[in-house]
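Only one structure is covered here, and it is reproduced in the block below.
Keep in mind the model is a prediction, meaning the values are calculated, not measured. Heads up: numbering here begins at 1 and tracks the sequence.
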Amino acid sequence: MGKETKESKKLTGLELSWVLYDVGNSAFTLLVATILPIYFNALAENAGVSSTDYLAWWGYAASISTLLVAFIGPVFGSLSDQKGMKKKVFTIALLVGVAGCGALILPGSWIVFLVVFIVAKTGYAASLVFYDSMLTDVTTPERMDSVSSKGYAWGYIGSCIPFVISLVFVLMKDTIGITMTTAIGIALFINAAWWFVMALPLLKNYKQIYYVEAGDTNPIAESFRRLGKTFRELTQYKNIFLFLVAFFFYIDGVYTIIEMATAYGQALGLDTTGLLLALLVTQIVAFPFALLFGYLSGKIDNAKLIRVCIFAYFCIAVFAIQLDKQWEFWLLAVAVGMFQGAIQALSRSYFAKIIPPEKSGEFFGIFDICGKGASFMGTALMGIMTQLTGSANAGVAVLSLMFVIGFFVFGKAAALNRDAA
């Protein structure tokens, strides 16, 4: 990739609108990784659910939502590639996610809470299928690594604003004189409102440039037809196919660590306040490192940087197997922050550059199956292993293998891309 000029490093108005949605939806991501598992734990404990079963049920809920998106993503991703459809389906997914986030305070039962959580997380994850595919419309191939990295970077630091405000109400509820339920309700409202407001510039400014003309058949039926054709043709794109296989394994481990971190720490009996503050540190550390890797992508081959990130995550997973102290969790939080944004941003832009831009919606739908949709495997395996052994540490051990497979398969995909260039 050629070097960017000083002037070109500035985000355009459209690129900034796209980045702001990362700032908005990342608030929900942080909420899911921190406050929501604690509230769910309180509901589950009141119903007599054990700590290991609580961790397992939380993992199963995450798995169900990602399986739903694995089905929804490609179908509606293909639909979104039709002229004028991308913004419409993105808006529907956004509203489902925001409404679900705000409604999480309503259930008094832990089971009903999990059902609402699945709806909210499905809306959130589905919106990202369409959002990620917009990258081909909002910027150029030469700027994709930089813009994608800035999206994650500003998402991490921006999400800290509603999180810190929420944390004040949750941790100081007794001083303020409110109940835990009221504090969580305020936190959910703040994060849902933040998410929606940050999406408004993208809803206003986005224009779909790359699209396919709709056929004469029903739009949904047309989407299934085109999607089936893409799956049949995927083996012809060996570089894309191998990348997706590698991505399936390594990003599965990444998302499982993100989703299960607080639940894992609580199952080990670590201090709740310390867990929340450690994960806040993750967000803060992730900001400069996502920007750093975005800068490095202009000087070093993107593929090499991705392999560095995969290897780092393998080391993180191995370290987490023996984790049983608060300071170790803090060390883990810092390490995750260093590579979390980089591996997601670079993978997103790497994929966007190797796919046909007019089919970005359906290809990113498949990307989501192998990414957020694939994380059902990590969360489910972690839950099953925890219940079978009675040890949360044994549950996290399965993740290290994911990174090993992802590392070697990605190497083969990168070699094919180099040969094709």
Side-chain angles (χ1 to χ4, degrees), residues 21 24-44 47 49 54-77 79-80 88-132 159 162-163 166 181 184-199 203 220 255-256 258-260 262-263 364-365 368-369 371-380 383:
Y21 185 69
N25 73 67
S26 293
F28 180 73
T29 306
L30 189 53
L31 199 69
V32 171
T34 55
I35 294 175
L36 288 186
I38 293 170
Y39 182 59
F40 171 64
N41 188 27
L43 291 175
V49 179
Y54 139 75
L55 178 65
W57 280 110
W58 185 251
Y60 297 150
S63 298
I64 291 171
S65 67
T66 49
L67 280 172
L68 288 173
V69 175
F71 173 76
I72 293 171
V75 175
F76 285 91
L79 178 65
S80 75
K88 292 177 183 178
V89 291
F90 169 75
T91 303
I92 292 171
L94 165 69
L95 293 176
V96 170
V98 169
C101 177
L104 279 167
I105 194 59
L106 300 177
S109 159
W110 67 274
I111 297 178
V112 179
F113 176 88
L114 284 183
V115 172
V116 179
F117 170 69
I118 289 169
V119 172
K121 194 167 181 296
T122 300
Y124 154 79
S127 77
L128 292 184
V129 174
F130 316 121
Y131 168 68
D132 287 344
S159 65
F163 177 70
S166 302
T181 302
I184 295 294
I186 294 171
L188 290 169
F189 174 79
I190 290 171
N191 283 270
W194 176 271
W195 183 3
F196 181 72
V197 170
M198 290 294 128
L203 292 176
I220 299 293
Y255 286 131
T256 301
I258 292 171
E259 291 184 2
M260 303 296 285
T262 300
F364 267 101
D368 211 66
I369 289 180
K372 298 174 188 70
S375 65
F376 80 91
M377 185 168 64
T379 51

Practice problem: Side-chain contact test, heavy atoms from C-beta onward, threshold under 4.5 Å: evaluate it for Ile35 versus Leu188 and give yes or no. | Solution: no
Quiz item: With Ala42, which residues qualify under side chain to side chain contact (heavy atoms under 4.5 Å, CB included), at least two apart?
Solution: none
Quiz prompt | Steps toward side chain to side chain contact (heavy atoms under 4.5 Å, CB included) verdict (Leu95, Phe196) | solution = CA-CA 8 Å; Leu95 293 176; Phe196 181 72; 3.9 Å; yes
Quiz item: Heavy atoms, side chains only, cut-off 4.5 Å: are Asn25 and Leu128 in contact?
Solution: yes
Exercise. Taking side-chain hydrogen bond (donor to acceptor under 3.5 Å, both in side chains) as the test, write out the residues that go with Trp195, two or more places apart.
Key: Tyr21
Quiz item: CD1 of Ile190 to CZ of Phe163: how many Å apart, nearest 0.5 Å?
Solution: 12.0 Å
Exercise. Name all residues meeting the side chain to side chain contact (heavy atoms under 4.5 Å, CB included) criterion together with Leu114; count only those two or more places apart in sequence or in a different chain, and write none if there are none.
Key: Phe40, Trp57, Trp58, Ala61, Trp110
Self-check item: side-chain hydrogen bond (donor to acceptor under 3.5 Å, both in side chains) involving Ser26 - partner list, sequence neighbours excluded
Solution: none
Exercise. For Ile111, check side chain to side chain contact (heavy atoms under 4.5 Å, CB included) against everything at least two apart and list the hits.
Key: Ser109
Quiz prompt | Heavy-atom closest pair, residues Val96 and Gly123 | solution = CG1-CA, 4.0 Å
Exercise. Report yes if the side chains of Ile186 and Ile105 come closer than 4.5 Å at any heavy-atom pair, otherwise no.
Key: no
Quiz item: Shortest non-hydrogen contact from Tyr39 to Leu104?
Solution: CE2-O, 4.3 Å
Quiz item: By side-chain hydrogen bond (donor to acceptor under 3.5 Å, both in side chains), which residues pair with Tyr60, not counting sequence neighbours?
Solution: Gln387
Practice problem: For Thr29 and Tyr124, test the side chains for any donor-to-acceptor distance below 3.5 angstrom and give the result as yes or no. | Solution: yes
Quiz prompt | Minimum heavy-atom distance between Pro162 and Ala27, given as atom pair plus value | solution = CG-CB, 3.8 Å
Quiz item: Who are the side chain to side chain contact (heavy atoms under 4.5 Å, CB included) partners of Ala93, not counting sequence neighbours?
Solution: Ala126, Ser127, Phe130
Quiz item: Taking all non-hydrogen atoms of both residues, which atom of Leu31 and which atom of Cys101 are closest, and how far apart?
Solution: CD2-SG, 4.1 Å
Quiz item: Do you know which two heavy atoms are closest between Gly24 and Met198, and how far apart they sit?
Solution: CA-CB, 3.5 Å
Quiz prompt | side-chain hydrogen bond (donor to acceptor under 3.5 Å, both in side chains) involving Asn191 - partner list, sequence neighbours excluded | solution = Ser166
